[in-house]
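Each chain gets a letter, A, B and so on, in the order its sequence line appears, and its residues count up from 1.
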Number of protein chains: 2
Amino acid sequence: MPKKMKNRRPADKKTRARRLSASDRKLQIIESAIGLFGKDGLKGTTTKALADAAGVSEGTIFKHFPTKEAVYMAAFEGRTGQDTRKFVLELEQLADKGQDEELIQRVVRAILFGYGRDRDLHRMLLYVRLGQSDQENQEFNNRLDQTGMPAFVSRYIAVRQQQGVFVSGPPAILAEMMLGLPIQLATRSKLFGIDLGVDDETLVELLARLCLNGLRKSS
Amino acid sequence: MPKKMKNRRPADKKTRARRLSASDRKLQIIESAIGLFGKDGLKGTTTKALADAAGVSEGTIFKHFPTKEAVYMAAFEGRTGQDTRKFVLELEQLADKGQDEELIQRVVRAILFGYGRDRDLHRMLLYVRLGQSDQENQEFNNRLDQTGMPAFVSRYIAVRQQQGVFVSGPPAILAEMMLGLPIQLATRSKLFGIDLGVDDETLVELLARLCLNGLRKSS
DNA sequence: ATTATCTATAGATCTATAGATAATGC
DNA sequence: ATTATCTATAGATCTATAGATAATGC
């Protein structure tokens, strides 16, 4: 390990951060914090690192948040399940028209690309999952299930079952599976950086096909 | 947060740990460390906690390992992919007899129960994944793929494809999916403690059915 | 004059080491 | 006599606070 540099050049004199309104600064701190928490987790991220990433002093961090945990919480709360609402509406329409293939492909693609785009956030969510108690995870899950994707997919599967198109089984569990499969692949590929050896669009097609094949009654 | 107890009773006088051979002590430290690393990760686990869990002093920890990271590494190396070898041999036989259903159920069951049994270890592996660079994750994965489940499942799928039973597509990716689905459900249910609302055996059946259905050509 | 920022530092850990103490096996 | 353990502590962080300094808007 490299010893800490003792004779730091006085050259990099601390330039005072541009003055922002309290609420803007909070948002900016949170935004840059997600990158750090996503990379190293709560315990692995120091308040010094948070300060540097935000371009302010440690004192400023604590002016806006009482503790490091508060930054963590704010980062995690602030970015949980935002704009799924509109997306679900689009999916409803495809569902009505019975376009299973197209619908599933969209869901899968959204997951895969979402994990790629918001890598830091999703890595942080994994850290949050690992850091929470089982009880907290359960509650967190109930909150996510309330609205959003899992509920929609569950309803969709139930309808297709009644129409005799999909296999039987508890819709909620089948939805877990239909979402879980792309999530797992996205986690490995996008969050852990494991090269699966195929490009994203091919992966989407393969995932969608496997899901749909699995859900459809084999005639 | 509770203030640190100042007046600790002299009652709980440190009882000197039973003397073990160096190699036994190392193993015992590793074993108890997995629980801590699995719960709180590398950064969230202090050397004091490692010492307490092993029932020795901090000095003793450092007598056996040069750094905390060394304990982490040893814990993670020591328990990676051990007895899959025999299990794979059993599976080979089922594969030869063309018993797809039975084979997939066994694989799924092994994953689900394995995650339940070795919860700490698998939680720790998740922490390791998150803490590693993409490059390190790739190397780690290549090492795991060399032997063991992924390679076997990949071969098995390739054979069934040639026999015209399974859908087309890169066997390695299809294997990722067939293993990834149960892994994702096991992660949520066993590692995060999310209640999926079905018992394990039902879950195994549902997972196996979806996998097999997904892989088989729909006639 | 109010609000945001920085500087300096206290106090609490946390990792790691050195040297003392106790147990084991020859 | 050798090996394992413990005690005490140094030095390095790390979190959080108090008070000084600078920018903004009235």
S.K.: Starting at CZ of A:R16 and ending at P of D:dA23, how long is that distance when rounded to a whole Å?
M.R.: 6 Å
S.K.: Would you mind telling me which residue lines up with the more 5' stretch of DNA chain D, B:G55 or B:R19, judged by nearest nucleotide?
M.R.: B:R19
S.K.: Over how many whole Å does the gap from B:F65 atom CZ to C:dT15 atom C1' extend?
M.R.: 16 Å
S.K.: On the side chain of A:R25, is there an atom forming a donor-acceptor pair with the base of C:dT5 - under 3.5 Å, no angle test?
M.R.: no
S.K.: Should A:D200 and A:K190 count as an ion pair when the cut-off is N to O under 4.0 Å?
M.R.: yes
S.K.: Atom NZ of B:K26 to atom P of D:dT5: distance rounded to whole Å?
M.R.: 12 Å
S.K.: Nearest to the side chain of B:A17, which nucleotide is it out of D:dA23, C:dT5, D:dC6?
M.R.: D:dC6
S.K.: Starting from P on D:dA12, measure out to CD on B:E58 and report it in whole angstrom.
M.R.: 18 Å
S.K.: Would you mind reading off the distance between B:K63 atom NZ and D:dC6 atom P, rounded to a whole angstrom?
M.R.: 12 Å
S.K.: Taking the minimum atom-to-atom distance to the side chain of A:K68, which one of C:dA23, D:dA16, D:dC6 wins?
M.R.: D:dA16
S.K.: What is the pairing partner of C:dG19, taking Watson-Crick or G-U wobble pairs with both distances under 3.5 Å in any strand?
M.R.: D:dC6
S.K.: Please work out which of the three classes, parallel, tilted or perpendicular, describes the rings of B:F76 and B:F140, given edges at 30° and 60°.
M.R.: perpendicular
S.K.: To the nearest angstrom, how far is A:K48 atom NZ from D:dA16 atom P?
M.R.: 16 Å
S.K.: Whether the side chain of B:E136 engages the backbone of B:S133 through a donor-acceptor N/O pair (distance < 3.5 Å, no angle test) should be reported.
M.R.: yes
S.K.: Taking the side chain as everything from C-beta on, heavy atoms only, tell me whether B:R188 gets closer than 4.5 Å to A:R129.
M.R.: yes
S.K.: Tell which nucleotide pairs with D:dT24, taking only Watson-Crick or G-U wobble pairs whose two distances are both under 3.5 angstrom.
M.R.: C:dA1
S.K.: Would you mind reading off the distance between B:E69 atom CD and C:dC14 atom C1', rounded to a whole angstrom?
M.R.: 12 Å
S.K.: Report yes if at least one side-chain N or O of B:T60 is closer than 4.0 Å to OP1 or OP2 of D:dT5; otherwise report no.
M.R.: no
S.K.: On the 0 to 90° scale, with breaks at 30° and 60°, tag the B:Y127-A:Y127 ring pair as parallel, tilted or perpendicular.
M.R.: tilted
S.K.: Roughly how many Å is it from CZ in A:F62 to P in C:dA10, rounded to a whole number?
M.R.: 17 Å
S.K.: Mapping B:T47 and A:L20 to their closest nucleotides on DNA chain C, which lands nearer the 5' end?
M.R.: A:L20
